[in-house]
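Working notes, structure below.
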Amino acid sequence: MSAYFKLFKASNGQYFFTLHSSGNHETVLNASETYHTKQGAQNGIDSVKSNAPAASNYTKQTDASGQYRFRLQAQNNKAIGVSEAYTTAQNRDNGITWVMNNAPGATTVDHT
């Protein structure tokens, strides 16, 4: 296993997930949208898995503090995950490549 999702239930009763590297347990996608049901969040994870391999589903961004991020979008252009902050564009691009290669086979750890 080179990647895994963590599925959580927030204090407001909604569900969300993150994507991590199993090597160093670093969070790569740190913000999914929130879902009203656990099944909705699982569907979001499935959407990440199916949309991750296509480079066209990523938007590269620079935030107000000069940090680099990326956003993974579904075919309907809705964000399904936002990356951690990177200090260089090259590291951000490496993060995209990592998600493309590892998210489709990631397992899910249920923390709900």
Side-chain angles (χ1 to χ4, degrees):
M1 165 171 82
S2 57
Y4 60 96
F5 290 94
K6 285 185 178 179
L7 178 61
F8 298 99
K9 185 175 184 179
S11 59
N12 66 0
Q14 297 212 359
Y15 296 84
F16 68 97
F17 60 85
T18 55
L19 177 64
H20 301 264
S21 166
S22 61
N24 60 10
H25 304 286
E26 182 176 330
T27 303
V28 182
L29 288 181
N30 62 4
S32 75
E33 67 175 291
T34 57
Y35 300 87
H36 295 291
T37 66
K38 186 174 180 178
Q39 184 57 53
Q42 185 59 58
N43 292 346
I45 290 170
D46 292 342
S47 182
V48 169
K49 289 180 175 187
S50 65
N51 286 287
S56 61
N57 292 335
Y58 294 85
T59 302
K60 298 177 182 182
Q61 302 169 327
T62 306
D63 66 23
S65 66
Q67 300 269 322
Y68 299 89
R69 298 179 184 273
F70 63 87
R71 185 173 81 146
L72 174 59
Q73 302 170 167
Q75 295 298 314
N76 63 3
N77 291 327
K78 189 172 185 178
I80 49 178
V82 178
S83 75
E84 65 175 338
Y86 296 94
T87 56
T88 68
Q90 181 62 52
N91 286 345
R92 177 204 50 216
D93 295 347
N94 291 343
I96 291 171
T97 300
W98 185 90
V99 172
M100 291 173 71
N101 292 328
N102 292 285
T107 60
T108 300
V109 179
D110 191 341
H111 290 275
T112 59

Non-hydrogen atoms of [X] and [Y] that approach each other most closely:
X      : Y     : answer
Ala103 : Leu19 : CB-CD2, 4.0 Å
Ala85  : Gln67 : CB-OE1, 3.3 Å
Ser47  : Ile80 : OG-CD1, 3.5 Å
Val28  : Gly95 : CG1-O, 4.4 Å
Ser21  : Trp98 : CA-CZ2, 3.6 Å

Separation of [Y] [atom2] from [X] [atom1] (nearest 0.5 Å):
X      : Y      : atom1 : atom2 : answer
Thr112 : Leu7   : OG1   : CG    : 5.5 Å
Ile45  : Lys6   : CD1   : NZ    : 12.5 Å
Arg69  : Thr62  : CZ    : OG1   : 10.5 Å
Thr108 : His111 : OG1   : NE2   : 10.5 Å
Ser83  : Ile96  : OG    : CD1   : 7.5 Å

Could you walk me through whether Gln73 and Arg71 pass side chain to side chain donor-acceptor pair (under 3.5 Å), step by step?
CA-CA 6 Å; Gln73 302 170 167; Arg71 185 173 81 146; 2.3 Å; yes
Quick one: are [X] and [Y] in side-chain contact, heavy atoms under 4.5 Å?
X     : Y      : result
His25 : Tyr4   : yes
Asp93 : Tyr68  : no
His20 : Val109 : no
Glu84 : Thr27  : no

Please check this pair: side chain of Asn57 against backbone of Asn51, looking for a donor-acceptor N/O pair closer than 3.5 Å.
yes
Under 3.5 Å, is there a donor-acceptor pair between the side chain of Lys49 and the main chain of Ala106?
yes
Is there a side chain to side chain contact (heavy atoms under 4.5 Å, CB included) between Asn91 and Asn94 once you walk through the steps?
CA-CA 5 Å; Asn91 286 345; Asn94 291 343; 4.1 Å; yes
Listed partners of Glu33 passing salt bridge (Lys or Arg N to Asp or Glu O under 4.0 Å), at least two apart
Lys78
Taking the inter-plane angle between the rings of Phe5 and Phe17 on a 0 to 90° scale, is it parallel (under 30°), tilted (30 to 60°) or perpendicular (over 60°)?
perpendicular
With sequence neighbours left out, write down each residue that passes ring-ring contact (aromatic ring centres under 6.0 Å, His included) with Phe70, or none if nothing qualifies.
Tyr58
Distance-only donor-acceptor check, side chains Gln14 and His36, under 3.5 Å
yes
Quick one: do Met100 and Tyr86 end up in the same hydrophobic cluster if we chain Ile, Leu, Val, Met, Phe, Trp and Tyr together by side-chain heavy atoms under 4.5 Å apart?
yes
